[in-house]
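Proteins come first, then strands; the chains are lettered A, B, ... in the order of their sequence lines, and each starts at number 1.
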4 protein chains.
Amino acid sequence: MNDQPRLEDRITQAAERLFAQEGFAATGMRAIAQLAKVSIGAIYHHFSGKEEILEQIVREEIERRQEFLEGLRQRGLPLKDQIERLVKMHFDLLQERGDVARLFFRERFDPSPSLRVKIQDLYGNVAGYVAEIIKQGITAGEIRPCSPLLTAYEMLGMVEAVSLRALGEDETAVQFRNEGPQELATSLWLWLHIDRGGEKAHA
Amino acid sequence: MNDQPRLEDRITQAAERLFAQEGFAATGMRAIAQLAKVSIGAIYHHFSGKEEILEQIVREEIERRQEFLEGLRQRGLPLKDQIERLVKMHFDLLQERGDVARLFFRERFDPSPSLRVKIQDLYGNVAGYVAEIIKQGITAGEIRPCSPLLTAYEMLGMVEAVSLRALGEDETAVQFRNEGPQELATSLWLWLHIDRGGEKAHA
Amino acid sequence: MNDQPRLEDRITQAAERLFAQEGFAATGMRAIAQLAKVSIGAIYHHFSGKEEILEQIVREEIERRQEFLEGLRQRGLPLKDQIERLVKMHFDLLQERGDVARLFFRERFDPSPSLRVKIQDLYGNVAGYVAEIIKQGITAGEIRPCSPLLTAYEMLGMVEAVSLRALGEDETAVQFRNEGPQELATSLWLWLHIDRGGEKAHA
Amino acid sequence: MNDQPRLEDRITQAAERLFAQEGFAATGMRAIAQLAKVSIGAIYHHFSGKEEILEQIVREEIERRQEFLEGLRQRGLPLKDQIERLVKMHFDLLQERGDVARLFFRERFDPSPSLRVKIQDLYGNVAGYVAEIIKQGITAGEIRPCSPLLTAYEMLGMVEAVSLRALGEDETAVQFRNEGPQELATSLWLWLHIDRGGEKAHA
DNA sequence: AATGAATGAGGGTTCATTCAT
DNA sequence: AATGAATGAACCCTCATTCAT
């Protein structure tokens, strides 16, 4: 029975998949128990209820992204590269963990406050980090003056909209998947940075 | 008995509010009936089921936006003004019809295909229209060459991200509500248009 | 709109078909209204409810059979022929009006007393008539002494069991349909009549 | 809590009674739960739905009768005794398990195929067994040549018709209950067997 | 720690019937 | 006579959760 990771992880992994595929509301505890090969009772030994499972998933995802962002920050890369990587992170996460990404997009507007707040925390967290980058860019004279946080939301919104549209299998999705990351990175840089020393911004 | 709008409208209005506040899945027919002051049976007399109520809400919203977009197109405004108005439309819709907006943002990623498809249709519809504007701008030499559809999604994503963050009552939300529309319009124009005749784009 | 028989008949005909095909409980008033091309309200103008429609169907069927039995009685046929015709009547009714026959077999045991009583009346009526024939046969010395009513039920049971098994489309049903009437008539006569004057009963 | 039989049996017993008294379609799960003194949920814990309860009832009844028939066959009784006991079995089952008998008679013609097929299986099973007895009787020269299956249906039909009429409390029912079994056994034997060696069949 | 039988409120939907028109 | 919108109780079933084992 221990041929798998810890029982708690089996539960969150099963739940993650089902929440994303079927929806949080539509996923039953029985389904989670079945997929995790665990008894229903066992779930309630580790979690106080369905919502707590989701909370744990969110918490783990927050940590995962924070680690990524922290790593990015510490590398001291040029601004342009940092932006490029941020964009890439979104696309990669959507490919590797598309289920959970979709789950987040959906539950971000969940009516249950406790849940929504946690997911929006994650979002605010990422936005805050991006805003920080922008602020530094402004200070360094690389980015045109603007409201860092507002601009961060704009950036994230752009990336998300394209990423999400890239999820399907239709022609547009495929195109977006192929061209999206590069196009986004170029667009963003073009939009943010200050054209110095006569270089043509739109060259 | 006719001191209220048509029964069908009372139902959709009640459903709209509840779907947005509680979620589509979490909203019961009984709750809709109660809020609409209608018997459950009456709902089924006008709609084949819960999903059809949502369909109607979506359909109406599509029509509402299409009318707006059509009106915008026919006015023959300068490109910059069109974009400004598009942005404003989003913000206004979020204030006047915040419920339905939230509903759409949430259910856009619902796993139930019938639901998702309907809402994504609305989104694709708007995106298509924006892409059309962009294409015309490119032809007219006012907008830098780019993939119109991808850029449309970027635009909509930017506006949405800011609009959504502007929904709450915290300090940031208030700020976004005040500065957002103008900032977005400026940003977008700055980002899209071609700097001609020696004007400084970032002046 | 009067391109059909009386509205009342349209209703009973539609109901008859649906009751037989779908079951009494499973048939909705809306379905009857639809098939009869009549409004629901109109049905309630002519019948007090669903049960009364069934009652009317039963009543009509009772009359139909009573007419047949009355006609048979008045013809003064030899006993053997009367039995032959009784058997044939069952088979014919099952072919021509199989729906309603099945309906009767089913609802004969319906829990609703008012309904059951009516259908059992029909059955008792037919049994009484058959018992009468048997009694006359005994008096005439053509039929062996026996309890006429009990024997009548035995006879009807035999015929019914074979008729019902003959309803399907499987091999056995087809065989029963082909051989049943003759075999039943022969069997019955063999079973009932007194072997007089040295004729071989089992010849 | 275990002062009663197994919960599953309580459910089938309650359902059996209600199905018979009220009809399968007219019996609600709530009523079953109430009579069985069980929660609705518990029913669904043991059965996949209402139909499965019926299935189980049918299955048990099939087994009960098969055991009886198997026991009868293995006793190696004279043919006449076997028939006598078959008839008696029907009457006894109608007294001891009148509910389920009525249930079967009614639902045998239910339009829902899944239901009908299950019950007709039971019937075909019994008929097949009776046909087997008849076939052996023919081979042994004790029964006149005939189509065994058709004759089996005739036999069962006779017995059933009398049994059913014997169910009520009116005068005829009482009479049938008293005289029926003997009269049926005598009739059947008279009808089936070959008069050998000059005995008078109708003596 | 782990099980899974049991709970019963609530899910969406259908129904026979009523009644204003 | 005829309509069909409206009613709300009842339908079968699923749910998250509890608890004796």
Distance in angstrom units between Ile53(D) CD1 and dC13(F) C1', rounded: 12 Å
Across all chains, not counting sequence neighbours, the ring pair (Phe, Tyr, Trp, His ring centres under 6.0 Å) partners of Tyr44(C) are none
Between Gln13(D), Arg30(D), Arg17(D), which is the residue that forms a side chain to side chain contact (heavy atoms under 4.5 Å, CB included) with Leu35(D)? Arg17(D)
How many whole angstroms separate atom CZ of Arg6(B) from atom C1' of dA6(F)? 16 Å
Can you check the Ile43(D) CD1 to dT14(F) C1' distance for me, whole Å? 14 Å
Check the distance between dT14(E)'s P and Glu52(B)'s CD and give it to me in whole angstrom. 12 Å
Nearest-Å distance for atom pair NZ/P, residues Lys37(B) and dA5(F): 23 Å
So, OP1 or OP2 of dA2(F): does either fall under 4.0 Å of a side-chain N or O from His46(C)? yes
When you check the side-chain N and O atoms of Glu52(D) and Ser48(D), is any donor under 3.5 Å from an acceptor? yes
Using a 3.5 Å limit for the pairing distances, which stems of at least 3 consecutive Watson-Crick or G-U wobble pairs does DNA chain E take part in? E:2-21 with F:2-21
Separation of dG11(E) atom C1' from Glu22(B) atom CD, nearest Å, is 15 Å
Starting at the 5' end of DNA chain E and moving along, which residue's nearest nucleotide shows up first, Val38(D) or Gly28(B)? Val38(D)
With respect to the phosphate group of dT14(E), does any side-chain polar atom (N or O) of Tyr44(B) fall under 4.0 Å of OP1 or OP2? no
Given atom CZ of Phe47(C) and atom P of dA2(F), what is their separation to the nearest angstrom? 12 Å
Please examine the side chains of Leu7(C) and His45(C), heavy atoms only from C-beta on, and report whether any two atoms are closer than 4.5 Å. no
Looking at every strand, decide which applies to Met29(B) at a 4.0 Å heavy-atom threshold: base, sugar-phosphate, or nothing. base
With nearest nucleotides of DNA chain F determined for Ala42(B) and Ile40(D) from heavy-atom distances, which residue corresponds to the more 5′ nucleotide? Ala42(B)
With no angle test and no hydrogens, is the base of dG12(E) tied to the side chain of Arg30(B) by a donor-acceptor pair under 3.5 Å? yes
Check this for me: does the side-chain of His45(A) come within 3.5 Å of the base of dA1(E) through a donor and an acceptor? no
Comparing nearest nucleotides in DNA chain F, the 5'-proximal residue of the pair Gly41(B), Lys50(D) is Gly41(B)
Is Arg10(D) reaching over with its side chain to a backbone N or O of Val38(D), donor-acceptor style, under 3.5 angstrom? no
Within the 4.5 Å heavy-atom criterion, are Val58(B) and Val100(B) side-chain neighbours or not? no
Electrostatic pair Arg65(D):Glu61(D) at N-O distance under 4.0 angstrom: yes
Would you indicate what Ser48(C) reaches in the nucleic acid, counting non-hydrogen atoms under 4.0 angstrom: base, sugar-phosphate, or nothing? nothing
For Ile11(C) and dT3(F), what is the distance between atoms CD1 and P respectively, to the nearest whole Å? 10 Å
